[in-house]
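All remarks here apply to the structure that follows.
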Amino acid sequence: MRFEEVKRADEEQVQALSALATSIVREHFDPIIGKAQNDYMLEKFQSVPALRGQLESGYRYFFACTDAGERIGFLAFYPRGNELYLSKFYLQKDWRGKGLAWEMLRFVLESARALGLGAVELNVNRDNDAARAYERMGFVRVREEKNDIGAGFFMDDFVYRYDL
């Protein structure tokens with residue numbers, strides 16, 4: 001697996017990222033949070049303008065690619081205090097369960113260490129089965145959060161931490 005960093009000035013990359021994010025997130029989260037909330041969140045967080053804004057504010061996005069260069073997932077993170085906040089960590093459905101998440105996690109942990117940070121944190125929807133995968137990878141649940149994201153929608157999450 002290799003990682004291709006998304007550059008905010010590369011319109012093709014940003015559009016491809018938005019399309020990939022929409023397909024993965026819709027497939028995974030429509031059954032968990034419902035289509036209406038997922039549509040709102042995709043527009044707010046994964047649309048081309050939203051991605052440009054995140055890239056400009058310090059998010060680093062990467063495509064997760066096969067060795068042949070096929071874009072099969074993506075991740076995003078940014079430093080927050082003494083930790084790296086892992087904002088996005090997604091693989092297409094057909095690529096899940098093949099050990100690739102471990103390769104993605106290694107990349108994230110190496111990135112955090114390179115920045116001299118002491119931990120990685122992420123939020124996981126409390127109804128998302130992926131929480132068990134994070135626990136198997138060594139993350140520990142440290143708290144719960146319910147965040148108002150507008151339009152009457154909330155993100156009802158567990159927060160996980162991986163200490164380096």
Side-chain angles (χ1 to χ4, degrees), residues 1-81 83-96 98 100-117 120-125 128 130 133-134 137 139 145 147-155 157 159-160 162:
M1 173 173 275
R2 62 185 183 84
F3 298 92
E4 174 190 347
E5 186 162 11
V6 177
K7 304 295 184 192
R8 71 174 181 225
D10 188 326
E11 190 63 25
E12 180 279 328
Q13 280 186 319
V14 175
Q15 289 183 9
L17 176 61
S18 180
L20 180 62
T22 297
S23 92
I24 294 172
V25 172
R26 184 166 312 292
E27 173 270 320
H28 188 74
F29 278 102
D30 274 6
I32 296 172
I33 62 175
K35 186 176 182 336
Q37 180 168 343
N38 206 18
D39 285 348
Y40 175 79
M41 291 179 68
L42 283 165
E43 182 62 30
K44 185 174 178 76
F45 300 117
Q46 299 304 137
S47 65
V48 169
L51 290 168
R52 276 195 207 110
Q54 291 168 32
L55 288 163
E56 289 170 7
S57 70
Y59 280 67
R60 293 184 69 197
Y61 270 89
F62 295 84
F63 288 107
C65 303
T66 65
D67 291 334
E70 181 184 355
R71 295 169 174 168
I72 59 171
F74 67 100
L75 52 88
F77 53 75
Y78 59 89
R80 183 175 73 180
E83 66 195 26
L84 190 72
Y85 183 73
L86 180 56
S87 175
K88 309 288 184 289
F89 194 90
Y90 293 105
L91 274 171
Q92 290 176 328
K93 186 176 187 175
D94 291 346
W95 291 94
R96 295 178 202 147
K98 299 179 187 303
L100 299 175
W102 286 98
E103 292 183 53
M104 292 171 69
L105 177 61
R106 274 193 292 278
F107 177 78
V108 170
L109 298 177
E110 288 169 9
S111 298
R113 287 185 184 106
L115 293 169
L117 302 174
V120 174
E121 276 198 2
L122 60 89
N123 285 51
V124 181
N125 179 283
N128 188 347
Y134 291 116
M137 289 190 285
F139 282 85
E145 290 182 351
N147 296 303
D148 185 341
I149 58 170
F153 297 119
F154 290 86
M155 290 176 57
D157 296 338
V159 178
Y160 282 88
Y162 188 111

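Along the sequence shown, residues are numbered consecutively beginning with 1. As the structure is a computational prediction, the values presented were derived from the model and not from experiment.
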Next on the checklist: Once rounded to the nearest 0.5 Å, what's the spacing between atom OH of Y59 and atom OH of Y85?
Outcome noted: 7.5 Å
Checklist entry - With a 4.5 Å heavy-atom cut-off, do I72 and L91 have their side chains touching? => result yes
Checklist entry - Do N125 and M155 have side-chain heavy atoms sitting under 4.5 Å apart? => result no
Checklist entry - Shortest non-hydrogen contact from R71 to A16? => result NH1-CB, 3.3 Å
Checklist entry - Rounded to the nearest 0.5 Å, what separation is found between the CG atom of L42 and the CZ atom of F29? => result 10.0 Å
Checklist entry - What pairs with R96 under salt bridge (Lys or Arg N to Asp or Glu O under 4.0 Å), at least two apart in sequence or on another chain? => result E27
Checklist entry - Should L86 and Y160 count as side-chain neighbours, where that means a heavy-atom distance under 4.5 Å? => result no
Item to check | Nearest-0.5 Å distance, NZ of residue K88 to CG of residue L51 | outcome: 8.0 Å
Checklist entry - In this structure, which one of I33, L20, N38, D30 forms a side chain to side chain contact (heavy atoms under 4.5 Å, CB included) with V25? => result N38
Next on the checklist: Let me confirm one number: the CG-CZ distance from L17 to R52, rounded to the nearest 0.5 Å.
Outcome noted: 11.5 Å
Item to check | Charged N-O contact under 4.0 Å between K98 and E103 | outcome: no
Checklist entry - What's the verdict on side chain to side chain contact (heavy atoms under 4.5 Å, CB included) for V6 and F74, showing C-alpha distance, side-chain angles and the deciding distance? => result CA-CA 10 Å; V6 177; F74 67 100; over 6 Å; no
Checklist entry - Are side-chain heavy atoms of V48 and E11 found at a separation under 4.5 Å? => result yes
Checklist entry - Would R2 and E4 pass as an ion pair if we require N to O under 4.0 Å? => result no
Checklist entry - Between Q92 and D94, do the side chains contain an N or O donor and an N or O acceptor separated by less than 3.5 Å? => result no
Next on the checklist: Using every non-hydrogen atom in the two residues, find where I149 and F154 come nearest and quote the distance to one decimal.
Outcome noted: CG1-N, 4.2 Å
Item to check | Flag side-chain contact, heavy atom, 4.5 Å: V159 against N123 | outcome: yes
Checklist entry - Any side-chain heavy-atom pair from F139 and V120 closer than 4.5 angstrom? => result yes
Checklist entry - Any chance the rings of F77 and F62 have centres within less than 6.0 Å? => result yes
Checklist entry - Judged by atom type as modelled, is there a donor-acceptor pair below 3.5 Å linking the side chain of S18 to the main-chain atoms of V14? => result no
Next on the checklist: If I take atom CG from residue L75 and atom CG from residue L122, how far apart are they, to the nearest 0.5 angstrom?
Outcome noted: 11.5 Å
Checklist entry - Do you know the tightest heavy-atom contact between Q54 and F45? => result NE2-O, 2.8 Å
Item to check | Sidechain N-carboxylate O distance under 4.0 Å for E110, R113 | outcome: no
Checklist entry - Heavy-atom distance under 4.5 Å between the side chains of F153 and M41, does that happen here? => result no
Next on the checklist: Looking at every heavy atom in both W102 and M137, which two are closest together, and how far apart are they?
Outcome noted: CH2-CA, 3.3 Å
Checklist entry - How about K7 and L55: do any of their side-chain heavy atoms sit closer than 4.5 Å? => result no
Checklist outcome for this item: Nearest heavy-atom approach of L84 to P79 is CD1-N, 3.9 Å
Next on the checklist: Show, in sequence, the C-alpha distance, side-chain angles and deciding distance for Y61 and R8, and conclude whether the side chain to side chain contact (heavy atoms under 4.5 Å, CB included) test is met.
Outcome noted: CA-CA 9 Å; Y61 270 89; R8 71 174 181 225; over 6 Å; no
Next on the checklist: Return the CZ to CD distance between R80 and E121, rounded to the nearest 0.5 Å.
Outcome noted: 5.5 Å
Checklist entry - What heavy-atom pair brings Y78 and S87 nearest, and what distance separates the two atoms? => result CE2-CB, 4.5 Å
